[in-house]
Amino acid sequence: MANLTLKDILIKSSDFLKNKNIDTPRLDTELIISHFLNINRMDIYLQFERILTQSEQNLIRNAIVERGKRKPLQYIIGIVYFLDSKITVNETVLIPRPETEFMIDYILKNESKPTSVLDLCTGSGVIAISIKKKWNDTEVYASDISIDAINIAKQNAENNDTNISFINSNLFNKINRKYDLIISNPPYISETDYNNLSPELFFEPKSALVADDNGDFFYKQILQNAKKFLNPNGKLYLEIGANQAEMIQQTALNNNYNNIKIIKDLANLNRIAIIK
Ligand SMILES: C[S@@+](CC[C@H](N)C(=O)[O-])C[C@H]1O[C@@H](n2cnc3c(N)ncnc32)[C@H](O)[C@@H]1O
């Protein structure tokens, strides 16, 4: 095998990703190299003439090939940052999104400290972990139907020094108490929209993305049942798809909630429903 320098690898790899129609081939290559060599991106340029060992070349090559198959960078590297938490992800959990960060940031800035919170559909655990980090003496619970997700979320809670109670539950089935806040980012993509998504999305668990009833299933279930699990004056926060605000408002009214507020995100799209 040839003696390849960091510069050779950077150029070959980003050309390879460019040919595979990756949007940001150079950036993705730099992030893969810096992750697997455990250096920062600037160091790549400072170490241009460094000769890579065989095993370093193999690690980077395998990762670049995976990225060429459109595997999301976050799954290749296995780490994402969500607000101020470092979170481990793999293909059993959804990659946390900026829209969810926006919702949690909104909650942390606008709510006073609750005594108890349920993160329903927790996935990697990002919502529960962010809440517990800000409000350390709040009782935080997190639930998901996927045992694989619960296991990753537990690991993330531990890595972030947060004490969270996890429940493996189909929506509210195993929930047996009331909370001040219930926060949820449930699956909300319709089957039709799912079929038109970019290839990267197909690496994520379909059960974390797609909902029956044209994407509305989970909201309807949650709104029908949440009241029983909310303290008096308790609130429900839902992350919603941009086109679902009207359906949410109607469903909430049908279920006798009398205070419904929709918040837009930074792209001016309907993103959070706050329901009392
Ligand atoms: C959109 S992901 C959200 C993950 C995480 N809260 C986040 O915001 O990054 C939805 C999550 O709902 C879970 N889920 C799907 N169906 C469920 C059900 N019936 N009951 C509980 N959780 C469910 C999936 O396993 C997935 O982890």
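Note that ligands are numbered from 1 as they come in the structure, with each ligand's atoms numbered from 1 the same way. All heavy atoms count here, side chains included; hydrogens, waters and symmetry mates do not. Being a predicted model, the structure only gives us computed values, none of them experimental.
- Proximity of S143 to ligand 1, defined as any heavy-atom pair under 4.0 Å, is not found for any part of the residue.
- Environment of NZ in K264: crowded, with over 12 heavy atoms of neighbouring residues, nucleotides or ligands closer than 6.0 Å.
- Counting heavy atoms under 4.0 Å from ligand 1, residue I95 does not touch it at all.
- Every atom of ligand 1 is numbered from 1 in the order shown, and the set under 4.0 Å from a heavy atom of G123 is 4 (C), 27 (O).
- At a heavy-atom distance under 4.0 Å, no atom of S124 approaches ligand 1.
- For ligand 1, the polar-atom distance check finds an N/O of L171 within less than 3.5 Å of one of the ligand's N/O atoms.
- Nearest protein neighbour of atom 6 (N) of ligand 1, counting heavy atoms only, is C121 O, 2.9 Å.
- The P187 neighbourhood of ligand 1 comprises atoms 10 (C), 12 (O), 15 (C), with distances under 4.0 Å to a heavy atom of that residue.
- At a heavy-atom cutoff of 4.0 Å, ligand 1 is contacted by the side chain of T100 but not by its backbone.
- Side-chain N/O atoms of E111 and Y106 include no donor and acceptor closer than 3.5 Å.
- A ring-centre distance under 6.0 Å is found for Y179 and Y141.
- At least one heavy atom of F218 sits closer than 4.0 Å to an atom of ligand 1.
- Each of the atoms 1 (C), 2 (S), 9 (O) of ligand 1 lies under 4.0 Å from some heavy atom of L94.
- No more than 12 heavy-atom neighbours from other residues, nucleotides or ligands sit within 6.0 angstrom of CG on N243.
- For atom 15 (C) of ligand 1, the closest non-hydrogen atom of the protein is S207 O, 3.3 Å.
- Atoms of ligand 1 lying under 4.0 Å from any heavy atom of S169, numbered from 1 in the order shown and given with element: 20 (N), 21 (C).
- With hydrogens and angles ignored, the 3.5 Å screen pairs no side-chain donor or acceptor of K235 with any backbone N or O of I275.
- Considering backbone and side-chain atoms together, I145 places an N or O closer than 3.5 Å to an N or O of ligand 1.
- Panel note: side chain S184, backbone L120; a donor-acceptor pair is recorded below 3.5 Å.
- Annotation: N185 places an N or O atom under 3.5 Å from an N or O atom of ligand 1; distance criterion only.
- The environment of CD in E158 is sparse: at most 12 heavy-atom neighbours from other residues, nucleotides or ligands sit within 6.0 Å.
- At a heavy-atom distance under 4.0 Å, no atom of Y188 approaches ligand 1.
- The nearest non-hydrogen atom to atom 26 (C) of ligand 1, considering only I189, D144, V80, comes from D144.
- Of the protein's non-hydrogen atoms, A208 O, 3.4 Å is the one closest to atom 2 (S) of ligand 1.
- Of all atoms in ligand 1, listed by their number and element, those nearer than 4.0 Å to a heavy atom of P96 are 9 (O).
- Closest to atom 5 (C) of ligand 1, if we only count protein heavy atoms, is T122 O, 3.2 Å.
- Using a cut-off of 4.0 Å between Lys/Arg side-chain N and Asp/Glu carboxylate O, D161 and K133 are scored as not salt-bridged.
- Taking the six-membered ring for Trp and the full ring otherwise, the centers of F202 and Y194 sit less than 6.0 Å from each other.
- Looking at ligand 1, you'll find an N or O of N170 within less than 3.5 Å of one of its N or O atoms.
- For K228 and F172, the positive end is not near the middle of the six-membered ring at less than 6.0 Å and at most 45° from its axis.
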task: Would you check, one step at a time, whether the test side chain to side chain contact (heavy atoms under 4.5 Å, CB included) holds for I79 with K86?
output: CA-CA 7 Å; I79 288 166; K86 187 177 174 183; 3.7 Å; yes
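- In the hydrophobic clustering of ILVMFWY residues, with side-chain heavy atoms under 4.5 Å counting as a link, L46 and L6 come out apart.
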